[in-house]
Number of protein chains: 2
Amino acid sequence: MAVTIHDIARELNVSSMTVSRVLSSVDNTLVKPATRIRVEEAALRMGYRPNRNARALASGRTNIIGLWISHLNTSVYSQIAQACRVAVQEAGMEISISEMDWHFHASEGHRRFQWPVDGILAVDPPPQDVLEKLLEPTAWKDVPRVHLGSGQSVPWQGDSVCVDLGAGTRTAIEHLLRVGCKRIAYVTPWWGERPGMCHYDAYIEVLKTVGMQPECIVVDDWECPTVRRTVVEHIKANGHPDGIYCHHDEFTIATFRALRDLDLHIPNDVALIGCEGNAFLEYFDPSISTMAMPVPDLCRTSWELLQKRINEPLSPPQNITLPVEFLARASSR
Amino acid sequence: MAVTIHDIARELNVSSMTVSRVLSSVDNTLVKPATRIRVEEAALRMGYRPNRNARALASGRTNIIGLWISHLNTSVYSQIAQACRVAVQEAGMEISISEMDWHFHASEGHRRFQWPVDGILAVDPPPQDVLEKLLEPTAWKDVPRVHLGSGQSVPWQGDSVCVDLGAGTRTAIEHLLRVGCKRIAYVTPWWGERPGMCHYDAYIEVLKTVGMQPECIVVDDWECPTVRRTVVEHIKANGHPDGIYCHHDEFTIATFRALRDLDLHIPNDVALIGCEGNAFLEYFDPSISTMAMPVPDLCRTSWELLQKRINEPLSPPQNITLPVEFLARASSR
DNA sequence: CTGAAAGCGCTTACAG
DNA sequence: CTGAAAGCGCTTACAG
């Protein structure tokens, strides 16, 4: 059986409260230095490991921050998970990752998320109204929570940190115009329930100012093979644009391959720009331009807002917007 | 405050044991159907959410499986995390990911891993003796555990599932020989404390059988920019080999770029084969050959062994080896 | 500086 | 089929 504070207390002939004081680092009442040392030694010697379930139950605090994220299989998302973990750990707390598909039915909400956390970082949650309906029956609505991600046309309520992909997209499209593109296509997943993403709006808007026709290559799912096939078919049917902007970098990589399948030269036939900042893009030949998300800043800022929300529940909510950085490479020159 | 089973019991004028029986799905004593329905309705209506800290404390079981993995930032590892999650969830349990760098000092072991779990899946842990020293003071040594990963010269004790990278490497090198390579280099991280990885051994062994000189391009860390620079410098100093095998696919991607930096044609000047099965390799131009790890099978099998270990603690340990699959592509033709 | 008591929200084990 | 009691391993709040 595991060693408990009572075992240590008995061994040392002190009360378990004294042991708890030394080992918990919660109660900062002073303990006589000699006693403290004896307890610490005994704990080490006996292999004591605090039971955090018990600690959480008694104290009502877990020292855990939940990270709600839809998956960890793409580069940005795994970077976000990593950066959040680093930020949270610096404050002496931990991250617990819940992969949320955001698609569960509200009625099963009461079965999910049964492990208490002290706060939540929610990455790219659905729009406010959908989110509220999901959370309503789960009692999570009262847990401090910060939304972070790529931002939507309608901003989330409460605290949020968004990357300004609208401005980033504008930069990308304007760059394609500057290098002389006359026909700029946009490769994008099917929105489904999330219309109005801000890069789409920006794409449409910039084209309108120069009187250029939008050309959306809409992909049915988020899989690279589908993207590759869809782009090839689109170009076979419609001829090729001379500039392509991709919704995100998995799409960019698949589009790159589709263009090479068709033996189109990049950038001479088609200039290519992605969005997200996937590190591998630099290693392609030619290396591929992209709009880099400021992931560390995004996560650090979100964690700051969450700490503030936890410590000062009544402070006014903040909405922060961060810029993306354009990484110009050979694919768009 | 959160709703507890006592709140529901009071509301319904039953004992909290009855509520617990209905809601816990642990105690399978029969409850009168009418009572069961009343409890379920009240739980839903009142927004009851079980406190799993309390549940774990009382029952001694968490229904959580710990996944010990060094990071989630590379493709295989994030695939492994995903596949383990799927397998474990199918059995009605959850995964909790602990990113372990395996480098913490043994003396701080008692501070780590304080959340109890019912079992552990340990991905690519250090060799048996190092592992034991790390775990000795943590009381984790008694928790059911299965080792999985790319395998080592000296196998782990207890249950394990390893991918046969030795055989995979042999296949890759033999393929390079078959397409006519006369000088085959191996790009590899510096082993540090983990000598004797099996692909290295296999590389040396195959070259010996054909009387070819080994040529290791050793990289100081695991970062792509370092790999790129190291390969470029190596080739500038020594001329280029006509075949390269890379230790894993981040290295493959960086090596690809290094060869293009030097304006070497792939595969005409240098044939290239990676190891791991990174999905993006297919999208490069030319697309890159690799040895694919059987990730879903690896994780599913590991989880089966762990379940068996949990349910039958005294059953004999099993060591299973899985093959890799060679994906031959344009980079090595 | 130290300790005895009560309780966190559940389950186990037993009694009816 | 249902319930009263005890306890999981800690912390809180109070008393000394």
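Below, chains carry the letters A, B, ... as their sequence lines are ordered, and counting in each starts from 1.
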Tell me what B/S16 touches on the nucleic acid: a base, only sugar-phosphate, or nothing, going by heavy atoms under 4.0 Å.
->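 Here B/S16 touches no strand at all.
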
Is there a donor N/O on one and an acceptor N/O on the other, under 3.5 Å, for the side chain of A/R49 and the base of D/dG9?
->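 Looking at the base of D/dG9, it does not pair with any donor or acceptor on the side chain of A/R49 (distance under 3.5 Å).
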
Checking only heavy atoms, does the side chain of B/R52 share a donor-acceptor pair with the base of C/dG9 at less than 3.5 Å?
->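 A donor-acceptor contact between them is absent.
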
Rounded to the nearest Å, what distance is computed from the [atom1] atom of residue [X] to the [atom2] atom of nucleotide [N]?
X: A/L12; N: C/dT2; atom1: CG; atom2: C1'; value: 14 Å
X: B/R21; N: C/dA13; atom1: CZ; atom2: P; value: 13 Å
X: B/K32; N: D/dC1; atom1: NZ; atom2: C1'; value: 8 Å
X: B/I8; N: C/dG9; atom1: CD1; atom2: P; value: 13 Å
X: B/N51; N: C/dC10; atom1: CG; atom2: C1'; value: 8 Å
X: A/N13; N: C/dA4; atom1: CG; atom2: C1'; value: 16 Å
X: A/N53; N: D/dT11; atom1: CG; atom2: C1'; value: 14 Å
X: A/M17; N: C/dG7; atom1: CE; atom2: P; value: 16 Å

Is there a donor-acceptor pair closer than 3.5 Å between any side-chain N or O of [X] and the backbone N or O of [Y]?
X: A/R55; Y: A/P50; answer: no
X: B/D118; Y: B/T62; answer: yes
X: A/S20; Y: A/S16; answer: no
X: A/N53; Y: B/L57; answer: no
X: B/R49; Y: A/W115; answer: no

Candidates D/dC1, C/dT11, C/dT2 - which lies nearest the side chain of B/P33 =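 So the side chain of B/P33 is nearest to D/dC1.
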
The side chain of A/L57 lies closest to which of these nucleotides: D/dT11, C/dC10, C/dG9?
->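 Between D/dT11, C/dC10, C/dG9, the one nearest the side chain of A/L57 would be C/dG9.
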
Would you indicate, yes or no, if C/dA4 has its OP1 or OP2 atom less than 4.0 angstrom from a side-chain nitrogen or oxygen of A/S15?
->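 For C/dA4, neither OP1 nor OP2 has a side-chain N or O of A/S15 closer than 4.0 Å.
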
Is there a side-chain polar atom (N or O) of B/S20 under 4.0 Å from OP1 or OP2 of C/dT11?
->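 Answer is yes, contact under 4.0 Å.
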
Given that A/A54 and A/R61 both sit by DNA chain D, which one's nearest nucleotide is further toward the 5' end?
->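 By nearest-heavy-atom nucleotide position, the 5'-most residue is A/A54.
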
Does C/dA4 have a Watson-Crick or wobble partner in any strand here, with both distances under 3.5 angstrom, and which is it?
->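 C/dA4 is paired with nothing.
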
Tell which nucleotide pairs with D/dA13, taking only Watson-Crick or G-U wobble pairs whose two distances are both under 3.5 angstrom.
->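 Base partner found: none.
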
